[in-house]
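Below, read A as the first sequence line, B as the second, and so on, with proteins coming before strands; counting in each chain starts at 1. Since we're looking at a predicted model, the values are computed, not measured.
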Protein chains: 2
Amino acid sequence: MRGHILESALRLFAAGGFNGTSLHDIAADAGCSKASLIYHFSTKEAILTELLTPAREELAALDAHVTGLPQDQQVEAAVVGYVELALRHRREVKILFEDTPVMVCNPALGDIAAMAERLVDTMSGRSRDAGRIVSANMVLGAVFVTCAGEMDIPDDVLRDELIAGALRTLGRRPDGPRH
Amino acid sequence: MRGHILESALRLFAAGGFNGTSLHDIAADAGCSKASLIYHFSTKEAILTELLTPAREELAALDAHVTGLPQDQQVEAAVVGYVELALRHRREVKILFEDTPVMVCNPALGDIAAMAERLVDTMSGRSRDAGRIVSANMVLGAVFVTCAGEMDIPDDVLRDELIAGALRTLGRRPDGPRH
DNA sequence: ACGGTAACTGTCCGATCGGTCAGTACTGAC
DNA sequence: GTCAGTACTGACCGATCGGACAGTTACCGT
């Protein structure tokens with residue numbers, strides 16, 4: 001049951017947003033009572049927290065891994081790691097971006113924004129140059145939107161194209177998409 | 001008053017989302033009663049609609065303008081037009097992306113998604129190649145996120161860097177950001 | 001056979017939601 | 001002076017929200 005609830009909540013939050021989805025909606029979708037949701041998770045917020053925790057932990061792991069790398073490998077590792085993470089957690093990332101106001105007020109999730117910022121800083125090569133900073137922010141949004149929107153492209157192709165596109169955005173590769 | 005209400009609603013919707021902002025919140029921020037909101041605009045949805053209409057119309061104009069251009073100028077025109085539009089309507093674009101579920105159900109706003117899709121199609125060079133399609137989608141998200149997030153970079157610099165970054169993403173320029 | 005506990009539900013609750021409505025204050029036209 | 005109309009409000013409404021709580025059922029070790 002617990003798993004069913006999380007699956008329903010994930011789908012509904014991704015489709016209608018956190019504030020746009022009621023406990024009644026989730027209960028109906030999961031095939032249980034509203035009271036059952038509160039039995040398994042004590043709050044609506046707690047459902048969101050538990051839903052996003054795996055992605056949050058993977059982001060933390062990525063953050064730690066990238067930081068420990070030699071300088072000249074950090075950018076590429078950050079890009080690849082972020083793309084794969086976003087692809088592995090498409091709907092979670094969508095919720096993360098679309099419900100930022102809800103998220104930043106959540107004590108268990110509030111550090112995600114800071115970690116994302118650090119990821120962007122890494123992708124910019126820790127530069128103060130406006131061009132680098134803008135490019136890195138662009139990658140953040142580019143990967144998110146592309147993963148969140150549903151396209152009929154196989155995941156492995158999407159992965160490679162996202163990485164290539166992101167590195168192009170950052171000015172790391174001279175070659176464009178073939179045609 | 002009417003203008004004050006729209007300004008308050010714009011700020012609050014952008015900060016907390018449509019579903020996360022109540023009529024009471026808007027009334028308090030605008031310094032009037034909740035009933036006054038309904039007097040000027042008949043529904044909460046109508047406030048959103050009126051708020052997004054200018055941006056919607058500019059998008060429609062951009063769509064028409066780009067379509068009328070010779071093939072070889074369309075991609076660059078689409079990129080430049082989109083960047084300038086997003087920069088001119090930062091908060092509106094943020095609402096547009098964060099409240100897609102609300103938007104697509106709104107009859108007066110429902111066509112925005114279709115126009116955005118056409119814009120992406122144009123930026124992809126109307127290609128069926130996965131790389132092109134992914135790149136174009138990336139540009140859509142890249143510009144949005146960068147405009148929506150607040151950075152202390154002057155608008156004109158941001159404009160140039162966004163255009164350059166987007167064209168790089170699309171593989172239209174071999175040079176990266178200077179360093 | 002039975003006590004304990006985990007899983008689950010129906011029902012109720014106060015708060016808040018978007019929206020209605022009767023009424024008031026002000027203003028310019030005649 | 002008065003009257004129509006515009007701008008606005010306080011009080012109120014039903015619906016829905018997240019959540020509390022007292023059960024009921026089913027299973028399990030003893």
Closer than 3.5 angstrom, by distance alone: can the side chain of A/D99 be matched with the main-chain N or O of A/V102 as a donor-acceptor pair? no
Can any side-chain N or O of A/S42 pair as donor or acceptor with the backbone N or O of A/I38 at less than 3.5 Å? no
Residues in residues 3-21 of chain B with a heavy atom under 4.0 Å of DNA chain D, by number, are none
Whole-Å distance, A/K44 NZ to D/dA20 P, equals 15 Å
Is the count of non-hydrogen atoms from other residues, nucleotides or ligands lying under 6.0 Å from A/E150 atom CD greater than 12? no
To the nearest angstrom, how far is B/F41 atom CZ from C/dT20 atom P? 16 Å
Donor-acceptor pair, A/N137 side chain versus A/V134 backbone, under 3.5 Å? no
In whole angstroms, the gap separating P of C/dG19 from CG of B/L48 amounts to 12 Å
Interface polar pairs with nucleotides 7-10 of chain D, N/O, under 3.5 angstrom:
residue	atom	partner	partner atom	Å
D/dA7	OP2	B/Y39	OH	3.1
D/dC8	OP2	B/H40	NE2	2.4
D/dT9	OP2	B/S33	N	3.0
D/dT9	OP2	B/S33	OG	3.1

Taking NZ, NE, NH1 and NH2 as the nitrogens, is one of them in B/E7 or B/R91 under 4.0 Å from a carboxylate oxygen of the other? yes
Looking only at non-hydrogen atoms, find the nearest pair between B/D29 and B/L12 and report the distance. CB-CD1, 3.8 Å
Closest-nucleotide mapping onto DNA chain D: is A/D25 or A/S42 further toward the 5' terminus? I mean the 5' end. A/D25
What is the distance, rounded to the nearest whole Å, between atom CD of A/E45 and atom P of D/dC17? 17 Å
What side-chain donor-acceptor pairs closer than 3.5 Å can you find for residues 63-72 of chain A, not counting sequence neighbours?
residue	atom	partner	partner atom	Å
A/D63	OD1	A/R118	NE	3.4
A/D63	OD2	A/R118	NE	3.1
A/D63	OD2	A/R118	NH2	2.5
A/T67	OG1	A/D63	O	2.6

What class does the angle between the rings of B/F97 and B/F144 fall in, given that below 30° is parallel, 30 to 60° is tilted and above 60° is perpendicular? parallel
